[in-house]
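Here's the structure, in structure tokens; my notes come after.
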Amino acid sequence: MSSMQSNSSANVTFVRPATFFINGFFNIPHAKHYYVFLSLVYVVTVLGNSFIMCIIYLARRLHTAKYIAVFHLAFSDLCGSSALIPKVIDTFLFKHQDISYDACLANMFFVLHFMNLQSLTLLVLSYDRLVAICFPLRYHAIVTKPAMFLIIGVMWSFSMIFFSVFVGLVNSLSFCGSNVLDSYFCDYRPVYSLACNDNSMNILMGRIGSSLLIFMPLILIFISYFCIALALLKIAHGVDRIKAMKTCSSHLILVAIFYIPILSNNIASLKTPFDPDTRIINNSLTQTIPPMLNPIIYTLKTEEVMQSIKELYKRSKDNITTERRIKCSRRN
């Protein structure tokens, strides 16, 4: 076990390990193939989310409040995956499984912070659909670009303050036993479970964090779509109803691929305790696959994005043709 450092103040001694040893993916056959798979997932995630952000930035028709939220979702997906996957690959593929105490807390903060932002951004997009369908005449007055920037700013402030306190509470724990984390990154529960003093406050904060990250946004999204369903039932013409439903389809798919795996893992673990390796594989896929799929779904399922891609392609093609004509005329 690594050497221990002791910090004492007010007659209370907190024993902290110099390092934690991350022990995930232990005894998994052909684990290197899984790390290669995660590398490919990360490459697709970076390319896909960078692509969707570039399209939103370049296409003027997408300079709306809704696509500010979509841009933010892509940014959060990119940052969340960058906080997690490269570190997992470095830890296990290159056998750098020891991580310093401070680096562990920093890794925990950024992974949880960006995962929370992904969840809250899905909630913001459901709010956008709620206003668009239930209050169509007031949509452009309510969902404005300044309002969206304000909402995103509040989200960032809330998430950073909450997870600073959340992660900071680890400093109230003493680690006088093992420093081995049975996880694939510095997750909150495996860390506080190693404590040899009272960790009841950390357990409480863990439950509050789960509620904020998963259950509260999901309940609010469900309420939003319940109100949307009631509004759709009031639409007389079936064609208009289908058209309104299509505007929600891409968002509903994003909600499903983000929340269903998380809920499935939690429910399954309550009924039947997972084998540690199975739990780690499931959790890692739950965190890495949605950010990869989100830009693909938004590109293929959203007509505005597809139309913008076609317009940008046509514009670039026209520019190339014009440049060639200018060059030819100069030669002549």
Side-chain angles (χ1 to χ4, degrees), residues 20 22-26 28 31 33-49 72-93 97 99 103-123 159 162-163 166-167 181-191 206 209-218 221 253-269 274-298:
F20 288 107
I22 303 177
N23 197 40
F25 303 112
F26 182 67
I28 295 177
H33 295 123
Y34 185 65
Y35 307 144
V36 172
F37 168 73
L38 285 182
S39 300
L40 293 173
V41 167
Y42 182 63
V43 169
V44 175
T45 300
V46 171
L47 293 176
N49 285 290
H72 183 261
L73 179 62
F75 179 75
S76 300
D77 286 341
L78 180 59
C79 292
S81 292
S82 297
L84 181 65
I85 298 178
K87 185 61 183 173
V88 169
I89 293 167
D90 178 62
T91 299
F92 298 107
L93 187 60
Q97 290 175 259
I99 182 170
C104 182
L105 296 194
N107 178 243
M108 182 192 300
F109 172 83
F110 284 111
V111 171
L112 297 178
H113 168 62
F114 284 112
M115 193 174 178
N116 186 51
L117 287 180
Q118 291 164 23
S119 181
L120 291 177
T121 306
L122 290 174
L123 173 60
S159 186
F162 177 81
F163 283 105
F166 187 84
V167 173
L181 296 175
D182 290 323
S183 183
Y184 55 99
F185 78 104
C186 285
D187 202 359
Y188 192 66
R189 184 171 181 175
V191 171
S210 296
S211 299
L212 290 173
L213 184 66
I214 303 167
F215 300 110
M216 185 195 74
L218 186 57
I221 289 170
I253 295 170
L254 300 188
V255 169
I257 64 173
F258 183 85
Y259 289 107
I260 289 176
I262 295 174
L263 292 175
S264 300
N265 284 345
N266 288 336
I267 293 168
S269 62
F274 274 146
D275 170 74
D277 293 336
T278 305
R279 174 179 54 80
I280 287 170
I281 290 286
N282 285 347
N283 288 342
S284 62
L285 289 174
T286 295
Q287 283 186 267
T288 56
I289 297 299
M292 179 188 72
L293 294 179
N294 287 351
I296 297 171
I297 290 165
Y298 247 103

Quick one: closest heavy-atom pair of [X] and [Y], and the distance?
| X | Y | answer |
| --- | --- | --- |
| Val191 | Cys104 | CG2-SG, 4.3 Å |
| Thr121 | Leu73 | CG2-CB, 3.7 Å |
| Pro291 | Thr45 | O-CG2, 3.8 Å |
| Gln97 | Thr91 | CG-O, 3.3 Å |
| Tyr188 | Met108 | CD1-SD, 3.6 Å |

Considering residues at least two apart in sequence or located in another chain, which fulfil the side-chain contact (heavy atoms from CB on, under 4.5 Å) criterion with [X]?
| X | value |
| --- | --- |
| Ala103 | Ile99, Ser100 |
| Pro190 | Leu181, Ser183, Asp187 |
| Ser159 | His113, Asn116, Leu117, Phe163 |
| Ala256 | Ile260 |

Under a 3.5 Å threshold, yes or no: a donor from one side chain and an acceptor from the other, between Thr286 and Asn265?
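Yes, a side-chain donor-acceptor pair sits under 3.5 Å.
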Taking only residues two or more places apart in sequence or in another chain, which ones pass side chain to side chain donor-acceptor pair (under 3.5 Å) with [X]?
| X | answer |
| --- | --- |
| Gln287 | Tyr184 |
| Thr288 | none |
| Ser82 | Tyr42 |
| Asn49 | none |

Quick one: [atom1] on [X] to [atom2] on [Y], what's the gap to the nearest 0.5 Å?
| X | Y | atom1 | atom2 | value |
| --- | --- | --- | --- | --- |
| Gln118 | Ser76 | CD | OG | 6.0 Å |
| Met292 | Ser81 | CE | OG | 9.5 Å |
| Phe109 | Cys186 | CZ | SG | 14.5 Å |
| Ser264 | Asn282 | OG | CG | 9.5 Å |
| Lys87 | Phe92 | NZ | CZ | 10.0 Å |
| Leu38 | Ile289 | CG | CD1 | 8.0 Å |

Using the rule given for side chain to side chain contact (heavy atoms under 4.5 Å, CB included), can you reason through Ser119 versus Tyr259, listing the C-alpha separation, both sets of side-chain angles and the distance that settles it, and then say yes or no?
CA-CA 9 Å; Ser119 181; Tyr259 289 107; 2.6 Å; yes
Among Asn283, Thr278, Leu285, find the residue that satisfies the side-chain contact (heavy atoms from CB on, under 4.5 Å) test when tested with Ile281.
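Passing option: Leu285.
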Can you tell me how the ring of Tyr34 sits relative to the ring of Phe25, calling it parallel under 30°, perpendicular over 60° and tilted otherwise?
tilted
Would you find more than 12 non-hydrogen atoms of other residues, nucleotides or ligands less than 6.0 Å from Phe162 atom CZ?
yes
Kindly determine whether Ile22 and Phe185 satisfy side chain to side chain contact (heavy atoms under 4.5 Å, CB included), including the steps that lead there.
CA-CA 7 Å; Ile22 303 177; Phe185 78 104; 5.5 Å; no
